[in-house]
Structures are given as structure tokens and as C-alpha cells.
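Shown next, in C-alpha cells, is the structure this report addresses.
Side chains are part of it too, since the values below use all heavy atoms of this structure and drop only hydrogens, waters and symmetry mates. Quick caveat: nothing in here was measured; it's all calculated off a predicted structure.
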Amino acid sequence: FGTHRLDSAGRPGGNARRGRATPEGLPGTDHRTRRRGAQCGLPHARRKDRADRGQRLVVAPLHIRTVQRPVCRVEPRSRRHRDLRMGRIASIVCCLLLATGSVRAQVQDTVRHPERARNTFSTEGWWKPAGPKFSPEVHDDRTITFRLRAPQAERVELLFDEWDVVPQTMQRDTDGVWSLTIGPVEPRIYQYKFRIDGFETIDPVNPDVKAGTTIYGSVVEVRGGEKPRFDERRRVGGEVHLLPYRSSSLGQLRTAWIYVPREAVEHPARRLPVLYLRHGGGDFEGSWVREGRVAEIMDNLIAEKAAVPMYVVMTNGLTDGSWVGGSTPEGMQLLERELIEDVIPLVENRYPVCKEKRGRAIAGLSMGGGQAFVIGLRNLDLFSAIGQFSAGILSDGTFDYERYIPGVMEDPERINRELALLWIACGTKDPRYAGHLDTVDELHRRGVRCEFHDAPWGHEWQFWRLQLHDFAQRLFQNN
């Protein structure tokens with residue numbers, strides 16, 4: 001027999017309808033249990049107490065031991081149905097996620113590779129030898145052809161060379177290309193520009209340019225052939241190092257360009273002398289390497305045993321980016337402190353160099369020439385030779401020795417005794433030439449021994465390359 005709790009309508013009440021245990025702890029039945037019980041011939045008792053219409057217990061005969069059996073048959077099936085439903089839902093969700101991910105991947109792939117279905121890339125036409133250089137084209141007979149593509153231009157001129165510049169008109173062909181062939185010219189390094197309807201510009205297809213504080217022009221090199229130039233690369237030589245340092249006087253991070261001779265690499269224990277070389281007002285610390293060809297010049301001289309192997313150290317000579325900053329007495333004092341307190345100790349700690357005065361020299365061009373002259377004379381205990389090329393401040397008739405080198409000129413014998421070489425040079429076409437002649441006369445008048453060198457050049461790199469070539473051969477001969 002089973003016990004069921006019926007409501008006033010004679011239906012299983014409360015938890016019995018949900019197939020869970022009644023408050024008395026007995027399992028109840030639901031409509032599915034009743035339906036299956038009727039099919040099995042099990043009578044279902046419904047009684048109503050009409051007197052109080054309240055709930056009461058009804059005892060009904062059952063043909064099974066207890067009512068738990070049909071209930072047990074129902075509950076596992078209900079769980080199976082629930083599990084099946086959850087499994088179907090999970091399967092549907094997985095399918096949707098997979099489909100969504102596939103669509104997203106296809107969309108992203110389409111965005112990344114819009115032409116994936118059809119590859120249009122081809123190297124056809126690449127497989128051919130390089131043609132002649134468009135501009136400038138240097139011919140075997142040392143003539144040079146310049147070209148410029150400017151179909152809309154009305155007039156194009158070539159401005160050739162660095163100092164003696166004479167505009168030359170170029171001719172246009174039917175394709176709008178302007179061209180001009182000049183020469184033959186002497187083997188050396190030339191600067192040039194184009195003037196297009198009054199506007200001056202560099203050659204847009206020539207990456208070799210002269211640059212410093214600005215871009216001055218394009219560069220073309222004419223080699224010497226069987227008789228190579230003194231500043232032409234002819235062999236594997238030394239190295240150029242870039243060494244960062246902090247300028248304590250200027251509070252700036254700067255870079256020193258250092259030429260290291262081949263002998264220093266092959267014989268690292270050998271202590272070599274150092275030339276501290278300074279650039280001009282429109283240049284930067286790398287100008288002596290790029291435009292001055294210091295590495296080529298030193299490599300050739302050392303290989304020919306015309307010069308003592310030496311390091312060449314080049315640092316920035318500007319304090320505020322202007323010529324003025326590197327030419328005033330105050331600016332030179334800052335640069336002097338930087339050289340003595342930062343650069344020289346850096347070089348002497350990093351490289352096996354001679355740390356004595358006889359192993360140091362200082363030189364420079366233009367603004368750097370004035371710096372070398374002033375810093376060198378104010379530090380006669382540090383440098384054995386001074387080279388000054390085309391300095392502007394020394395060409396000025398108002399140059400004040402007492403303001404720049406106070407007390408030094410009062411003892412010319414000390415200058416002559418301390419310096420093995422005081423080299424002064426200026427090109428005859430340079431407007432500073434007359435002032436240099438006056439400077440040399442003044443030094444001689446004061447009893448200072450010096451050498452003066454000139455050549456038919458202007459204020460240009462060809463003259464300074466020649467001066468470095470000659471000056472370097474005179475250095476450190478007593479070493």
C-alpha cells in the first residue's frame with residue numbers, strides 16, 4: 001500500500017505533484033505516474049470529505065510492494081530527458097560558435113588578403129642588367145653628363161663646383177629631360193646644384209650630398225684612374241669609430257668621430273699620437289670624414305710612410321648651432337673645457353694613445369681653425385703643434401689677442417719653445433686671405449715663429465683637404 005496526500009479536489013497535492021517526497025517523507029505522484037498506473041491496472045483513489053472539505057489521507061490498494069517503484073521508474077527518466085535536452089542545447093551552442101568563428105575568420109582573412117584569390121605580383125622585367133647612371137654620369141674621358149627630369153620647367157641651369165661657380169644652361173629633350181655634358185675636368189671631388197626657373201635644388205637622383213648645418217649641394221667624384229688622387233680610397237685602411245660622451249660644460253650628449261689607423265688594430269699595444277681636428281661653422285663633427293676624406297688621406301699617407309700613424313678625433317665645435325656660439329671667447333671656453341675635461345680623458349682611457357704633450361696636436365678649418373688657434377695657444381702644456389686653416393676671426397683686423405689668449409702673446413719665446421709647429425693657411429681666392437697675411441705679419445712682429453701656406457683656392461673643401469694632407473706629414477716626427 002502507498003500513502004498519498006490529496007488536496008480538496010482529490011488530487012495529489014504539493015510536492016506529490018512534482019514527483020518529490022511529501023512532508024511525511026513519502027514520495028508523491030504526478031499525472032504521468034497516474035496515467036501509467038491506470039494503464040497497469042492500478043486503481044487510483046480519489047476521496048473527498050464533504051464534511052470539512054479538507055485534505056486527508058486515503059489508503060489505496062496497490063499491486064506492488066511500495067509506491068517507490070513507479071516513482072523510481074519516473075525520476076531517472078525525467079533526469080535523462082533533462083540531460084538530453086541540455087546535451088542538445090550544448091550541441092546547438094557549439095555549432096553556432098563554430099559557425100560564427102568560421103565566418104569571422106573568413107571575413108578577417110578577406111580583409112587581410114583582398115587579392116588572395118588572384119596573385120598579380122610579377123618580377124617580369126626585373127631580370128636585366130643595370131643601365132647607365134641617370135645623373136651624374138662620369139665618363140671615361142672625365143666628362144660628366146648631368147640630367148634632370150623637369151618637363152614643366154622653362155629654364156634649367158647647372159651650378160657646378162664649390163667656389164668658382166659659373167651657371168651653365170641645360171637643354172631639354174622631347175621627354176622633358178634636361179641634360180648637359182661638361183669637361184673633361186680634373187680628377188677631384190665636385191659640388192653642384194640645379195637652378196630651375198630661379199629655384200636652386202640638389203640632384204634628386206643623387207644620394208651623395210654635402211651636408212652640415214644644412215644641405216649645400218650634390219657631390220660628384222671624378223677618379224684619377226692610373227694616377228689616383230691623394231684623397232681617393234685606394235686600399236683597405238683604418239676604421240672610423242663613433243664614440244658617445246657627455247659634455248660636462250654644455251650639459252649635452254655628443255658624439256666623437258674617431259679615425260683609428262690600421263696600425264692601432266694590428267698592434268694594439270703600440271701607443272700612437274692623436275690629432276684633434278675641428279670642423280667649420282656650417283659643418284658637424286662628421287664633416288671631416290664625409291667631405292674632408294680624412295680616412296682616405298690618412299690611410300694613403302700612412303701606407304706610403306709619409307705620415308706617422310695617428311688617431312684623429314673630431315668633435316662638434318658648435319655650442320648653440322651658430323657660428324657665433326663657436327667663435328666668441330665665452331663659447332671657446334666651453335669648448336676648451338669639454339675638450340680637456342671630457343674628450344681627451346675619454347680617448348686616453350678608451351684607446352692606447354700617447355698621453356704626453358708630444359703626442360697631441362690640434363687643428364681646424366674656418367671656425368674650427370680659430371678654435372684650434374685659441375685653445376692650442378692657451379694650453380701650450382697639452383699640444384705640440386697647431387694648425388689653423390682659413391679662420392675668420394683671425395682675418396678680422398680687430399682680433400683682440402688679450403681677449404682670446406690673455407697674456408700668451410707677451411711671452412713669444414715660450415710659444416716658440418713649446419710648439420714644434422704653428423701652421424697657418426688660407427686660399428688666395430678666399431676673402432679672408434688678406435687678413436691672414438696681416439695676421440702672419442703681426443705674429444712675426446711679436447716674435448712668434450709660424451709657417452704660412454696658401455694655394456689658388458677659395459673657402460672650400462679642396463683647399464682644406466690639401467692642407468690636412470700637408471700638415472699631417474709634419475706631425476709627430478720626433479716620435
Side-chain contact test, heavy atoms from C-beta onward, threshold under 4.5 Å: evaluate it for [X] versus [Y] and give yes or no.
{"X": "Trp464", "Y": "Trp457", "answer": "no"}
{"X": "Gln371", "Y": "Leu339", "answer": "no"}
{"X": "Ile196", "Y": "Leu148", "answer": "yes"}
{"X": "Arg147", "Y": "Lys133", "answer": "no"}
{"X": "Gln462", "Y": "Trp163", "answer": "no"}
{"X": "Glu186", "Y": "Val222", "answer": "no"}
{"X": "Asn206", "Y": "Pro136", "answer": "yes"}
{"X": "Pro261", "Y": "Tyr311", "answer": "yes"}

Taking the side chain from [X] and the backbone from [Y], do they hold a donor-acceptor pair closer than 3.5 Å?
{"X": "Arg378", "Y": "Tyr404", "result": "yes"}
{"X": "Asp342", "Y": "Ser247", "result": "no"}
{"X": "Tyr190", "Y": "Val185", "result": "no"}
{"X": "Asp454", "Y": "Gly427", "result": "no"}
{"X": "Ser384", "Y": "Ala420", "result": "no"}
{"X": "Asp299", "Y": "Gly238", "result": "yes"}
{"X": "Thr428", "Y": "Ala455", "result": "yes"}
{"X": "Arg155", "Y": "Asp197", "result": "no"}
{"X": "Ser218", "Y": "Asp203", "result": "yes"}
{"X": "Thr181", "Y": "Thr145", "result": "no"}

### Query
Hey, does the Lys NZ or Arg CZ of Arg446 hover above the aromatic six-ring of Tyr401, less than 6.0 Å from the centre and inside 45° of the axis?
yes

Salt-bridged, [X] to [Y], with N to O below 4.0 Å?
{"X": "Arg358", "Y": "Glu356", "answer": "yes"}
{"X": "Arg465", "Y": "Glu296", "answer": "no"}
{"X": "Arg262", "Y": "Glu266", "answer": "yes"}
{"X": "Arg234", "Y": "Glu304", "answer": "yes"}
{"X": "Lys429", "Y": "Asp164", "answer": "yes"}
{"X": "Arg290", "Y": "Asp283", "answer": "no"}
{"X": "Lys193", "Y": "Glu200", "answer": "yes"}
{"X": "Glu263", "Y": "Arg270", "answer": "no"}
{"X": "Glu221", "Y": "Arg229", "answer": "yes"}

Separation of [Y] [atom2] from [X] [atom1] (nearest 0.5 Å):
{"X": "Leu159", "Y": "Phe194", "atom1": "CG", "atom2": "CZ", "result": "9.5 Å"}
{"X": "Leu365", "Y": "Cys426", "atom1": "CG", "atom2": "SG", "result": "11.5 Å"}
{"X": "Ile424", "Y": "Gln467", "atom1": "CD1", "atom2": "CD", "result": "11.5 Å"}
{"X": "Leu277", "Y": "Ile258", "atom1": "CG", "atom2": "CD1", "result": "12.5 Å"}
{"X": "Leu394", "Y": "Arg432", "atom1": "CG", "atom2": "CZ", "result": "11.5 Å"}
{"X": "Arg360", "Y": "Phe383", "atom1": "CZ", "atom2": "CZ", "result": "7.0 Å"}

Shortest non-hydrogen separation from [X] to [Y] and the atoms involved:
{"X": "Val448", "Y": "Met409", "answer": "CG2-CE, 3.6 Å"}
{"X": "Ile297", "Y": "His469", "answer": "CG2-CA, 3.9 Å"}
{"X": "Ala307", "Y": "Ala472", "answer": "CB-O, 3.9 Å"}
{"X": "Ala363", "Y": "Phe389", "answer": "CB-CZ, 4.4 Å"}
{"X": "Asp175", "Y": "Arg149", "answer": "O-NH1, 4.5 Å"}
{"X": "Gln388", "Y": "Gly370", "answer": "CG-N, 4.5 Å"}

### Query
Can we call the ring centroids of Trp288 and Trp461 under 6.0 Å apart?
yes

### Query
Is the count of non-hydrogen atoms from other residues, nucleotides or ligands lying under 6.0 Å from Ile340 atom CD1 greater than 12?
yes

### Task
Using a cut-off of 6.0 Å, state whether more than 12 heavy atoms not belonging to Asp173 lie near its atom CG.
yes

### Task
Applying side-chain contact (heavy atoms from CB on, under 4.5 Å), run through Leu318 and His279 and close with a yes or a no.
CA-CA 9 Å; Leu318 301 171; His279 64 79; 4.1 Å; yes

### Task
Check the angle between the aromatic planes of Phe373 and Phe399 and answer parallel, tilted or perpendicular using the 30° and 60° thresholds.
perpendicular

### Message
Checking Leu421 against Gln477 for the side-chain contact (heavy atoms from CB on, under 4.5 Å) test, could you report, in this order, the C-alpha distance in whole Å, the side-chain angles of both residues, the deciding distance, and whether it holds?
### Response
CA-CA 11 Å; Leu421 177 64; Gln477 294 298 320; over 6 Å; no

### From CA spacing to verdict: side-chain hydrogen bond (donor to acceptor under 3.5 Å, both in side chains), Tyr245, Ser248
CA-CA 9 Å; Tyr245 68 96; Ser248 57; over 6 Å; no

### Message
Please determine whether side-chain contact (heavy atoms from CB on, under 4.5 Å) holds for the pair Arg278 and Thr315, giving the CA-CA distance in whole Å, both sets of side-chain angles, and the decisive distance to 0.1 Å.
### Response
CA-CA 7 Å; Arg278 311 191 69 83; Thr315 56; 3.7 Å; yes

### Task
Any chance you could lay out the salt bridge (charged side-chain N to carboxylate O under 4.0 Å, His left out) test for Glu285 and Arg254, step after step, and finish with the verdict?
CA-CA 9 Å; Glu285 59 268 28; Arg254 309 191 113 185; over 6 Å; no

### Query
Which of these, Val440, Asp441, Leu443, sits in a side-chain contact (heavy atoms from CB on, under 4.5 Å) with Phe452?
Val440

### Task
Would you please test Arg337 and Gln333 for side-chain contact (heavy atoms from CB on, under 4.5 Å) and show each step?
CA-CA 6 Å; Arg337 281 183 51 200; Gln333 288 177 1; 5.9 Å; no

